[in-house]
Amino acid sequence: MSTEKKANSEKPTKEVTEKDLEQFAAQCSNIFKQIGRDVIGQKEVVEYTVIAMIAGGNVLLEGVPGVGKTRLVRSLGRVFDLPFSRIQFTPDLMPADVTGTNIIVKGEDGNSKFSFQPGPIFSNIILADEINRATPKTQSALLEAMQEHKVTVMGVSRKLDEPFFVLATQNPIEQDGTYPLPEAQMDRFMFKLLVTYPEKEELRSIVEMTQVTMDEVAEAACNAEELLAMRETAKNIPIASDVIDYAMDLVIATQPESATATATTKKYIRNGASPRAAQAIVSAAKVRALINGRYNVSFGDINALACPVLRHRIKLTFEAVTDNVTSDDIIMSIIKELKGPDNAAPKTDDENGGKKPKHGLFGGKK
């Protein structure tokens, strides 16, 4: 490919206007406001889940029971005004219970024929509750849907409606009767988010809110067409060459056999992140830039998204386990080791990596 063709291929397909940015900002503000009516605290989890939904990715929520994972997903269904299906994964769940199956029905002429009965996967938002409780055979029923947004039953492929999201939950503590997700399925999640215990004041607010009603009260803030338009806007946000190079270096640095592998990588990582990680971190960084009021992606966006994008895509060595080193510890160490030749840390959102808008929408010059 010539230099001219390469440059043209990197240009946005559609110019993002100030009106697009204003509409994006207004939508996001209302989305977070409505989710906040149902979900107390967990600001980072809420922000990253919304980022993934706008970017078109799937999310794995990991946390102990009772911290609001299911409530968050139900609230998202209300806020985005999208059809919502919940699949409770259990050891006896079969693939046909997820995808649907052909059944024999009698037609008006009295003859029997096969008719496809769609399963709960045919919705826009799928809550895969306790996904690691199903057998690998049933877990695999989600692979095609998560990646290609279609379902194949008895040789016939059927497209799923857009937008389509899988938000799965799993309990990291209870391991009896569970089946760990295979690497191929983990890789299909854009983010793995850790849902933690609430602080004391947050816990008090949760108790007071649920004394009034246990139901979600959030109102619709965005429909399917608006969400797809937001996704298109985010895709066309520019990203500087040095920023995308840094993102690629970060992903490649997780691979112990690569030339740029850091000392931490070689010591603690057995298998590094896949190309999907690079795709995910760039797509999500564009959405995060818009949410934070910037026209283009910064180094800070890449660093902020590194843990949720990479923590489930790297496989640790036995030495990491014995040293009690977590995936997040390793990722943060790699970021520190990836300093530039001047030994300076990567620039943050407020430095040269992210340009502030010229109008007054996000606090720039009016």
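Taken to the nearest 0.5 Å, the OG1 atom of T169 stands 7.0 Å off from the CG atom of L61. With rounding to the nearest 0.5 Å, the separation of CD in E199 from OG in S205 is 12.0 Å. A distance of 7.5 Å separates CG of L21 from OG1 of T233, quoted to the nearest 0.5 Å. Note that SG of C222 and CG of L228 are 8.5 Å apart. Values are rounded to the nearest 0.5 Å. In this structure, the separation between CG on L310 and CG on L305 is 9.5 Å, given to the nearest 0.5 Å. A distance of 12.0 Å separates CG in L181 from CG in D187, rounded to the nearest 0.5 Å.
Contact record, T178 with R133: CG2-NH1, 4.1 Å, taken as the closest heavy-atom pair. Annotation for V45 and L193: closest pair O-CD1, 3.6 Å, computed over non-hydrogen atoms. The shortest non-hydrogen separation linking A221 to Q27 is O-NE2, 2.8 Å. Across every non-hydrogen atom of A284 and M190, the tightest pair is CB-SD, 4.3 Å. Of all heavy-atom pairs between V282 and A247, the closest is CG2-CB, 4.5 Å. Contact between A306 and L250 at its shortest, heavy atoms only, is CB-CD2, 3.8 Å.
Using a 4.5 Å heavy-atom cutoff, the side chains of V46 and L72 are in contact. Between E44 and P308, every side-chain heavy-atom pair lies at or beyond the 4.5 Å cut-off. Here the side chains of V50 and I35 are in contact, with some heavy-atom distance below 4.5 Å. Using a 4.5 Å heavy-atom cutoff, the side chains of I51 and Y48 are in contact. The shortest distance between side-chain heavy atoms of K267 and D323 falls below 4.5 Å. A 4.5 Å side-chain heavy-atom check between V297 and I302 finds at least one atom pair inside the cut-off. L82 has its side chain within reach of F165: a pair of non-hydrogen atoms, C-beta onward, lies under 4.5 Å apart. Looking at heavy atoms from C-beta onward, M230 lies out of side-chain contact with L290 at the 4.5 angstrom threshold.
Between the side chain of N58 and the backbone N or O of V166, at least one donor-acceptor pair lies under 3.5 Å. Counting only distance, with no hydrogens or angles, the side chain of E144 and the backbone of T152 share a donor-acceptor pair below 3.5 Å. Counting only distance, with no hydrogens or angles, the side chain of S123 and the backbone of I126 share no donor-acceptor pair below 3.5 Å. Remark: side-chain polar atoms of S258 are paired, donor with acceptor, to backbone N or O of I252 under 3.5 angstrom. Side-chain N or O atoms of T326 include one that pairs as donor or acceptor with a backbone N or O of D329 at under 3.5 Å. Judged by distance alone, the side chain of S75 and the main-chain N or O of D38 form no donor-acceptor pair under 3.5 Å. Between the side chain of Q139 and the backbone N or O of Y179, at least one donor-acceptor pair lies under 3.5 Å. Counting only distance, with no hydrogens or angles, the side chain of R311 and the backbone of D328 share no donor-acceptor pair below 3.5 Å. Within the 3.5 Å criterion, the main-chain N or O of N124 finds no donor-acceptor partner in the side chain of D161. In this structure a side-chain-to-backbone donor-acceptor pair under 3.5 Å is present from T138 to L93.
Note on V73 and I121: separate hydrophobic clusters, where clusters join Ile, Leu, Val, Met, Phe, Trp and Tyr whose side-chain heavy atoms are under 4.5 Å apart, directly or indirectly. Tracing side-chain contacts under 4.5 Å through hydrophobic residues (I, L, V, M, F, W, Y), one never reaches M146 starting from I281; they form parts of separate clusters. Residues L127 and F191 fall within the same hydrophobic cluster, defined by Ile, Leu, Val, Met, Phe, Trp and Tyr side chains chained together at heavy-atom separations under 4.5 Å. Under the 4.5 Å side-chain contact rule for hydrophobic residues, F189 and V251 do not share a cluster. The hydrophobic cluster containing F114 does not contain F122, counting ILVMFWY residues as joined when their side-chain heavy atoms lie under 4.5 angstrom apart, directly or transitively.
Using a cut-off of 4.0 Å between Lys/Arg side-chain N and Asp/Glu carboxylate O, E219 and R78 are scored as not salt-bridged. R294 has a carboxylate O that lies under 4.0 Å from a charged side-chain N of D301, or vice versa, which qualifies the two as a salt bridge. Taking the charged nitrogens against the carboxylate oxygens, E183 and R313 have no contact shorter than 4.0 Å, which rules out a salt bridge. A salt bridge does not link E47 to K43: none of the charged side-chain nitrogens sits closer than 4.0 Å to a carboxylate oxygen.
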Exercise for the section: Decide side-chain hydrogen bond (donor to acceptor under 3.5 Å, both in side chains) for Q117 and T101; before the verdict, give the C-alpha distance in whole Å, the side-chain angles of both, and the deciding distance to 0.1 Å. Expected result: CA-CA 6 Å; Q117 297 297 311; T101 188; over 6 Å; no

Handout entry: Check against side chain to side chain contact (heavy atoms under 4.5 Å, CB included), L142 and F89
Key = CA-CA 12 Å; L142 285 174; F89 280 71; 3.7 Å; yes

Practice task
List the steps and the verdict of side chain to side chain contact (heavy atoms under 4.5 Å, CB included) for I239 and N296.
Solution key: CA-CA 6 Å; I239 177 169; N296 60 326; over 6 Å; no

Exercise for the section: Could you please spell out the steps behind the side-chain hydrogen bond (donor to acceptor under 3.5 Å, both in side chains) verdict for S283 and Q279? Expected result: CA-CA 6 Å; S283 298; Q279 295 172 320; over 6 Å; no

Handout entry: Stepwise side chain to side chain contact (heavy atoms under 4.5 Å, CB included) check, V287 with F24
Key = CA-CA 10 Å; V287 179; F24 193 101; 4.2 Å; yes

Exercise for the section: Using the side chain to side chain contact (heavy atoms under 4.5 Å, CB included) rule, take V195 and Q42 through it: C-alpha gap first, then chi angles, then the decisive distance, then the call. Expected result: CA-CA 7 Å; V195 187; Q42 305 291 353; 3.6 Å; yes

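More than 12 heavy atoms of other shown residues, nucleotides or ligands fall within 6.0 angstrom of atom CD in Q147. Shown here is N324, whose CG atom has no more than 12 heavy atoms of other residues, nucleotides or ligands within 6.0 Å. Residue-environment remark: CZ (R204) stays at or below the threshold of 12 foreign heavy atoms within 6.0 Å. In the displayed structure, E148 atom CD is contacted under 6.0 Å by more than 12 heavy atoms of other residues, nucleotides or ligands. Residue-environment remark: NZ (K159) exceeds the threshold of 12 foreign heavy atoms within 6.0 Å.
Checking E337 against T264 by side-chain atom types alone, a donor-acceptor pair falls below 3.5 Å.
When each of Q170, H312, E62 is paired with K192, the side chain to side chain donor-acceptor pair (under 3.5 Å) condition holds for E62 and for no other. Considering T317, I331, I314 as possible partners of I269, the one that fulfils the side chain to side chain contact (heavy atoms under 4.5 Å, CB included) test is I314.
Both tests hold for R158 against F116: distance to the six-membered ring centre under 6.0 Å, angle to the ring axis within 45°.
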